[in-house]
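Comments concern the structure below.
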Amino acid sequence: MNKDLYIYNSLTSQKELFKETSANEVSIYVCGPTVYSSSHMGHARSAIVFDTIVRFLKFIGFKTNYVRNFTDIDDKIINRGIEEGVRPEDIAEKYKTEYIEDMESLGCLQPDFQPSVSENIPEIISLIEDIIKKGFAYEKNGDVYFNVQKFNGYGKLSKQSIDSILVNTRLEINPNKNFGLDFALWKTAKENEPYWSSPWGKGRPGWHIECSAMSRKYLGENFDIHGGGRDLIFPHHENEIAQSECVSDKKFANYWMHNGLININKEKMSKSIGNIINIREGLKLWNKNIIRTLFLTHHYRTPVDFSSKKLEEIEKTLLNTKKRVPTNESLSTKFKELWVSAMLDDFNTAKAFGYYFKFINDGSLSPETDSEVSEFEETMGISGWRDENIQSKKDTIVDEVRIKQIIFERDRARKDKNWIKADELRYEAEELGVKLLDKEGKTTWEPC
RNA sequence: GGCGGUGUAGCCAAGCGGUAAGGCGAUGGUCUGCAAAACCAUUAUACCCCGGUUCGAAUCCGGGCACCGCCUCCA
């Protein structure tokens with residue numbers, strides 16, 4: 001079987017043959033959440049995509065060093081704390097715990113490391129000192145800023161020149177900055193804000209520097225894969241590159257992977273529009289296998305429309321697949337070969353799922369005698385789903401006593417071959433929101 | 001405006017130079033009093049438009065049109 005793995009690299013805008021820096025190991029850093037509110041479907045997609053990628057890398061024999069951070073020091077957390085009259089660290093702790101629980105509910109394996117900014121302040125300060133020493137940053141009134149113009153490759157990830165960014169960016173007016181695009185590595189604490197002591201006074205890290213510091217700490221100055229949502233390309237990842245490479249003089253991440261974003265009913269999901277779907281709310285309605293399958297039947301780089309119509313379709317697909325658990329003895333050795341080769345081509349889960357459905361619906365797989373199906377399901381993180389009740393929960397309130405009465409009456413009518421009466425009773429049940437099912441001489445019902 | 005991306009059946013979605021995966025839906029059939037379920041079968045000479053390269057293009061190149069994202073906090 002061909003073992004070459006190709007990855008689309010956002011930095012070069014093309015698929016490249018993957019070559020690990022350390023034999024048979026993959027180091028991967030994925031940007032995690034800023035913990036100031038409940039995590040949403042966007043976090044879910046990113047986590048599921050990279051969870052599946054890591055599972056697959058393991059499956060083909062790599063050892064993985066997978067790091068996903070928590071940004072637990074941030075203006076938004078502080079603001080939230082002020083709003084709620086709670087200490088910022090309590091806000092962060094609450095949503096960190098929630099996030100970990102949510103990821104587990106979604107069937108995502110824990111990363112090898114889940115560091116937080118608050119635990120890495122010394123590393124951050126030391127990195128900022130290195131940047132200043134190299135002449136790429138300057139201190140002004142207790143703030144430290146990165147000198148964007150000094151860094152040669154600035155804009156290489158987002159494919160923009162400093163000039164074009166300058167023209168097209170709304171810049172905050174900040175007298176401490178030498179240049180509009182310079183960004184903060186360290187910010188002076190205002191009154192009542194949490195702070196850490198530093199060579200530049202009491203303050204806290206800026207956004208971006210934490211990922212440079214933590215990836216350096218856990219994976220080294222040069223590592224294999226850096227991932228995150230598309231929306232992080234600029235400025236977050238662009239700034240990470242600048243901060244890291246100016247110090248190390250090495251390439252930061254070899255491969256940049258960016259997952260596509262979520263739309264809700266064809267509209268962009270965003271904080272400003274306010275159409276965020278929380279993971280917890282989603283999981284009340286949709287089983288994790290349905291959510292995973294929705295995401296994984298799309299290529300990770302394309303947008304996904306998250307709608308109940310779509311989810312219902314996936315539910316039906318999965319239900320059908322579940323019913324068609326193959327029992328025959330035919331062996332289709334091609335299945336594994338095909339889905340693995342799809343995955344080797346830039347983690348094409350959508351194509352892999354196509355083979356999965358095809359082979360199961362053909363009845364040409366037999367999980368009892370062959371581990372191929374479970375191998376696939378394990379890699380996609382939907383293992384064991386056949387044992388679970390994947391049906392969505394419809395909270396229809398029904399009058400069970402009345403339904404039983406209808407069933408009884410209809411049963412009698414059917415024995416009398418009074419089909420007109422029987423049908424009338426069926427319609428009556430439907431009006432009560434219930435569908436009657438005649439199975440093996442017995443009548444059952446389900447909400448419709 | 002700058003940069004990036006997308007346009008494939010009713011809907012969703014793979015495909016990335018060799019003659020259109022898969023899912024949902026729909027239609028016909030078997031079965032059932034009727035339904036439902038299940039099973040069988042059918043369901044794009046065709047990939048936004050116009051040119052070009054090629055023996056061959058949904059796939060590459062040029063030019064349009066439409067939609068989306070980033071450029072502001074966001075996964």
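Each chain gets a letter, A, B and so on, in the order the sequences are listed, and its residues count up from 1.
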Full working for side-chain contact (heavy atoms from CB on, under 4.5 Å) between A:Y356 and A:V373:
CA-CA 8 Å; A:Y356 173 68; A:V373 167; 4.3 Å; yes
For B:C70, does either OP1 or OP2 sit under 4.0 Å from a side-chain N or O belonging to A:K268?
yes
Check every strand shown and say whether A:T302 touches a base, only sugar-phosphate, or nothing at a heavy-atom separation below 4.0 Å.
sugar-phosphate
Between atom CD in A:E315 and atom C1' in B:C12, what is the gap in whole Å?
16 Å
Once you round it to whole Å, what is the distance between C1' of B:A75 and NZ of A:K76?
12 Å
Think A:N348 has a side-chain N or O under 4.0 angstrom from the OP1 or OP2 of B:G15?
yes
Nearest whole angstrom, please: distance from the P of B:A14 to the NE2 of A:H298.
6 Å
If you assign A:T297 and A:R414 each to the RNA chain B nucleotide with the nearest heavy atom, which residue ends up on the more 5' nucleotide?
A:T297
Considering only heavy atoms and no angle criterion, is a donor-acceptor pair shorter than 3.5 Å present between the side chain of A:R45 and the base of B:A75?
no
Over all strands shown, is A:I262 touching base, sugar-phosphate only, or nothing at heavy-atom distances under 4.0 angstrom?
base
Please determine, for the side chain of A:K351, which listed nucleotide (B:G15, B:G22, B:A75) has the closest atom?
B:G15
For A:K266, report the nucleic acid contact type (base, sugar-phosphate, nothing); a contact means any heavy atom under 4.0 Å.
sugar-phosphate
If you look at every strand shown and take non-hydrogen atoms under 4.0 Å, does A:R410 touch a base, only sugar-phosphate, or nothing?
base
So that I can tick it off, tell me whether A:K190 and A:D75 are bridged by a salt bridge, with the cut-off set at under 4.0 angstrom between side-chain N and carboxylate O.
no
Think A:K358 has a side-chain N or O under 4.0 angstrom from the OP1 or OP2 of B:G22?
yes
To the nearest Å, give me how far apart CZ (A:F306) and P (B:C68) are.
22 Å
For B:G33, does either OP1 or OP2 sit under 4.0 Å from a side-chain N or O belonging to A:N418?
no
Regarding A:G354, tell me which of base, sugar-phosphate or nothing describes its non-hydrogen contacts under 4.0 Å with the strands shown.
base
Check the phosphate of B:G4 against A:K156, side-chain N and O only, distance under 4.0 Å to OP1 or OP2. Yes or no?
no
So what does A:M41 touch, heavy atoms closer than 4.0 Å: a base, only the sugar-phosphate, or nothing?
nothing
Under 3.5 Å donor-acceptor pair, A:N320 side-chain atoms to B:G23 base atoms:
no
Quick one: salt bridge (Lys or Arg N to Asp or Glu O under 4.0 Å) partners of A:E409, sequence neighbours excluded?
none
For A:H40, answer base if it contacts any base atom (sugar-phosphate contacts may also be present), sugar-phosphate if it contacts only those atoms, and nothing otherwise; contact means non-hydrogen atoms under 4.0 Å.
base
By centroid distance (under 5.5 Å) and plane angle (under 30°), are A:W419 and B:G33 in a stacked arrangement?
yes
Would you call the rings of A:H226 and A:W256 parallel, tilted or perpendicular, taking 30° and 60° as the class edges?
parallel
Hey, does A:N263 reach any base, or is it just sugar-phosphate, or nothing, if we go heavy atoms under 4.0 Å?
nothing
With a 4.0 Å cut-off on heavy atoms, is A:L436 in touch with a base, just the backbone sugar-phosphate, or nothing at all?
base
Determine the contact category for A:I233: base if any of its heavy atoms lies under 4.0 Å from a base atom, sugar-phosphate if only primed atoms, P, OP1 or OP2 are that close, otherwise nothing.
nothing
Counting only side-chain N and O atoms of A:W207, is one of them less than 4.0 Å from OP1 or OP2 of B:C74?
yes
Can you find a donor-acceptor N/O pair under 3.5 angstrom joining the side chain of A:D305 to the base of B:C12?
no
Output the rounded distance in Å from CH2 (A:W445) to P (B:A35).
23 Å
Assign the ring pair A:F146 / A:F183 to parallel, tilted or perpendicular, where the plane angle (0 to 90°) is split at 30° and 60°.
parallel
Considering every strand and a 4.0 Å limit on heavy-atom distances, what is the contact class for A:I165: base, sugar-phosphate, or nothing?
nothing
Using 30° and 60° as the class limits, which term best fits the ring planes of A:F295 and A:F306: parallel, tilted or perpendicular?
tilted
Name of the residue among A:E377, A:E315, A:E388, A:R386 meeting side-chain contact (heavy atoms from CB on, under 4.5 Å) with A:N289:
A:E388
By nearest nucleotide on RNA chain B, pick out whichever of A:D345 and A:M269 is the more 5' one.
A:D345
Tell me: CG of A:L338 to P of B:G15, nearest whole Å?
14 Å
Rounded distance in Å - CE (A:M257) to C1' (B:G5)
17 Å
Check: B:G69 base within 3.5 Å donor-acceptor of A:R301 side chain:
no
